[in-house]
Trainee: 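Attaching a single structure in structure tokens format; questions to follow.
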Protein chains: 2
Amino acid sequence: MLSKQEKRLKRIIKMLQLSNPTTVNNLSSVMDVSHMTIRRDLDLLKERNLVDIFHGGVILKDNNKWKRQHPYSLSYANKQMNQEKKNIAAKAAAFVESEDIIIIDTGSTIEYFARSLPECIPITVICFTLNSLIYVSKLKNANIIFPGGYFHENTLMFESKEGIKLITSHPATTAFISASGVNLEIGVSCSNKYEFKTKTEMMKTADRKVLLVDSSKFNKVENTLFAELTDFDVLISDTGIPDEYMDYCKTHGIELILV
Amino acid sequence: MLSKQEKRLKRIIKMLQLSNPTTVNNLSSVMDVSHMTIRRDLDLLKERNLVDIFHGGVILKDNNKWKRQHPYSLSYANKQMNQEKKNIAAKAAAFVESEDIIIIDTGSTIEYFARSLPECIPITVICFTLNSLIYVSKLKNANIIFPGGYFHENTLMFESKEGIKLITSHPATTAFISASGVNLEIGVSCSNKYEFKTKTEMMKTADRKVLLVDSSKFNKVENTLFAELTDFDVLISDTGIPDEYMDYCKTHGIELILV
DNA sequence: TTAAAAATGTTATTATTTTAACATTATTAA
DNA sequence: TTAATAATGTTAAAATAATAACATTTTTAA
């Protein structure tokens with residue numbers, strides 16, 4: 001026999017399946033318990049990873065949503081910064097203008113960026129990861145250039161000498177680049193050696209360099225250094241970055257955007 | 001040209017597609033407009049029946065018309081021959097052996113072939129279409145080489161000079177090739193001029209050439225001729241092919257397999 | 001049954017969001 | 001260009017929701 005509370009939890013889930021999301025007030029009035037009881041129930045459901053709570057209500061989590069919809073996405077180890085990444089990506093998308101030739105890097109933030117690209121202005125997109133390609137290829141307004149090469153499963157990236165040549169011969173107006181480590185003294189780094197050539201080539205050819213990194217990457221150094229922070233024109237991150245980086249950007253003329 | 005507001009509306013929908021629901025505050029901060037502007041936008045979207053508004057935020061209606069189809073498969077004009085294509089693909093997959101380096105062509109039959117590839121022997125796959133890549137990239141037993149280039153939406157194919165070089169520098173043991181026209185006198189043809197270089201290069205470098213075509217393609221000639229029938233070592237088709245092709249294969253030493 | 005524990009309810013305070021009125025800025029058409 | 005109009009921004013007051021502390025009820029187990 002289920003406890004009263006467990007029965008309520010089941011009923012909440014059922015109600016959510018009927019209309020998602022719903023409000024604390026609605027649940028409270030329909031189930032004839034106080035809003036505090038509902039809130040405590042929701043806290044439990046949240047702990048069990050079944051719902052998300054927002055100001056005023058709840059939404060049912062679709063746990064398999066990610067896998068079902070996007071089987072080619074990276075299996076993100078750290079989903080902690082997902083909202084920040086999405087916001088950073090959305091901000092970056094505003095930098096894309098009509099007739100731009102943009103080149104985009106690897107990583108989950110960049111995948112979100114690819115998913116945020118405008119659909120109403122003509123652009124050319126150079127990309128070299130499968131996860132981004134899947135979204136970019138849907139754009140009706142984009143020419144797509146994919147410098148191919150050898151496949152790396154962990155990043156879903158392709159790279160080769162020939163691919164580098166394709167990048168070199170198509171100078172981008174803006175490069176949107178990610179990193180797994182950003183350090184004032186040491187520089188900007190990534191996790192895989194094979195990324196180096198592609199990253200540095202993007203940096204060389206692109207007119208404007210935009211770095212997209214969430215704040216969790218700051219003060220870290222990963223195994224492959226590929227740029228100085230001053231090599232970038234724009235840095236987009238979230239408000240969690242250390243203060244010294246704000247000062248650094250100011251004094252070194254890097255446009256800093258925090259979401 | 002869309003108005004600023006319409007652009008914002010599109011962007012709001014996009015952000016919702018990334019994370020649903022979302023808050024007025026989040027939208028306002030990411031898009032750098034006041035919350036009142038967002039509220040007015042949301043009112044519009046609500047009027048258009050695209051979203052629901054609740055205290056604090058918005059949720060995307062799941063009947064929304066912005067949901068795009070997944071266009072990673074070719075929109076097969078002729079689904080008549082689908083079963084034949086699948087059977088042809090399955091037969092062809094039996095030709096793949098351990099340590100093989102195979103290169104695979106464009107088209108729906110080849111997509112079925114990619115989906116039929118063995119999962120238990122180590123192979124290297126060279127492919128250059130998005131639809132095949134999506135299946136090949138799931139294989140745990142395959143090294144993948146993707147000669148990149150410019151994207152062609154109708155065939156989901158990529159091609160470029162640099163891609164050709166990658167093909168040349170990785171001679172395949174077997175090439176699995178498709179065609180949209182097979183004609184005894186004229187030869188084997190495809191529908192798009194841009195396929196020519198890639199197809200002829202595959203033919204040149206591969207040790208063994210296998211042609212996969214269903215019987216509906218016989219006696220047809222499409223605009224770009226890329227080979228003679230005698231250039232192939234194996235022809236896999238279905239029992240609907242004209243008799244003269246059977247004789248031809250016999251007299252010209254082409255292994256003919258009908259499913 | 002009863003005391004202890006757990007669950008639920010009540011209330012006031014705090015935090016957040018909404019609304020509405022008006023100011024400012026951008027866009028449009030003459 | 002200017003005047004008119006539309007779009008967006010600002011602000012303060014009103015409405016709603018969240019939190020926390022404590023009261024009450026229900027459940028549990030001796």
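Each chain gets a letter, A, B and so on, in the order its sequence line appears, and its residues count up from 1. Computed over heavy atoms, backbone and side chain alike; hydrogens, waters and symmetry mates excluded.
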Trainee: Would you mind reading off the distance between B:L44 atom CG and D:dA7 atom P, rounded to a whole angstrom?
Mentor: 9 Å
Trainee: For the pair A:E119 and A:K138, find out whether any cationic side-chain nitrogen is under 4.0 Å from an anionic carboxylate oxygen.
Mentor: no
Trainee: Does NZ or CZ of A:K85 fall inside the cone over A:Y112's six-membered ring, less than 6.0 Å from its centre and within 45° of the axis?
Mentor: no
Trainee: Among D:dT19, C:dT18, D:dA17, which is the nearest nucleotide to the side chain of A:H35?
Mentor: D:dT19
Trainee: Rounded off to whole Å, could you give me the CD1-to-C1' distance for the B:I38 and C:dT16 pair?
Mentor: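 Distance, rounded to whole Å: 17 Å.
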Trainee: For D:dA17 and A:N25 - does any side-chain N or O of the residue sit under 4.0 Å from the phosphate oxygens OP1/OP2?
Mentor: yes
Trainee: In whole Å, I'd like the distance from the CZ atom of B:R39 to the C1' atom of C:dA20.
Mentor: 12 Å
Trainee: Measure the OG-CD1 distance between A:S137 and B:I134 for me, rounded to the nearest 0.5 Å.
Mentor: 7.0 Å
Trainee: Can you tell me how far P of C:dG9 sits from CE of A:M31, to the nearest Å?
Mentor: 11 Å
Trainee: Under a 3.5 Å cutoff, is there a donor and acceptor pairing between the side chains of A:S191 and A:S180?
Mentor: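 Yes.
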Trainee: Below 3.5 Å is the cut-off: list the nitrogen or oxygen pairs between protein and nucleotides 5-8 of chain C, distance only.
Mentor:
from  : atom 1 : to   : atom 2 : distance (Å)
C:dT8 : OP1    : A:R8 : NH1    : 2.8
C:dT8 : OP1    : A:R8 : NH2    : 3.0
C:dT8 : OP2    : A:R8 : NH2    : 2.9

Trainee: Measure the distance from CG on A:L42 to P on D:dA17 and round it to the nearest whole Å.
Mentor: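 Nearest whole value for this atom pair: 13 Å.
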Trainee: Run the salt-bridge test on A:K165 and A:E162 with the 4.0 Å N-O cut-off and return the result as yes or no.
Mentor: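 Here A:K165 does not pair with A:E162 in a salt bridge, since their nearest N and O are not under 4.0 Å apart.
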Trainee: Using a strict cut-off of less than 4.0 Å between a Lys/Arg side-chain nitrogen and an Asp/Glu carboxylate oxygen, indicate whether B:E111 and B:R115 qualify as a salt bridge.
Mentor: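 B:R115 and B:E111: salt-bridged.
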Trainee: Any chance you could lay out the ring pair (Phe, Tyr, Trp, His ring centres under 6.0 Å) test for A:F176 and A:F95, step after step, and finish with the verdict?
Mentor: CA-CA 10 Å; A:F176 294 90; A:F95 275 77; 7.0 Å; no
Trainee: Nearest nucleotide by nearest heavy atom, which residue falls closer to the 5' end of DNA chain D, B:D32 or B:H55?
Mentor: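 Nearest nucleotide further toward 5': that of B:D32.
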Trainee: Using whole Å, what does the distance between atom C1' of nucleotide D:dT16 and atom CG of A:N26 come to?
Mentor: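 In whole Å, D:dT16 C1' and A:N26 CG are 15 Å from each other.
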Trainee: Between B:L27 (CG) and C:dT17 (P), how many Å, whole number?
Mentor: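 In whole Å, C:dT17 P lies 12 Å from B:L27 CG.
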Trainee: How long is the line joining CE of B:M36 and P of C:dA23, in whole Å?
Mentor: 16 Å
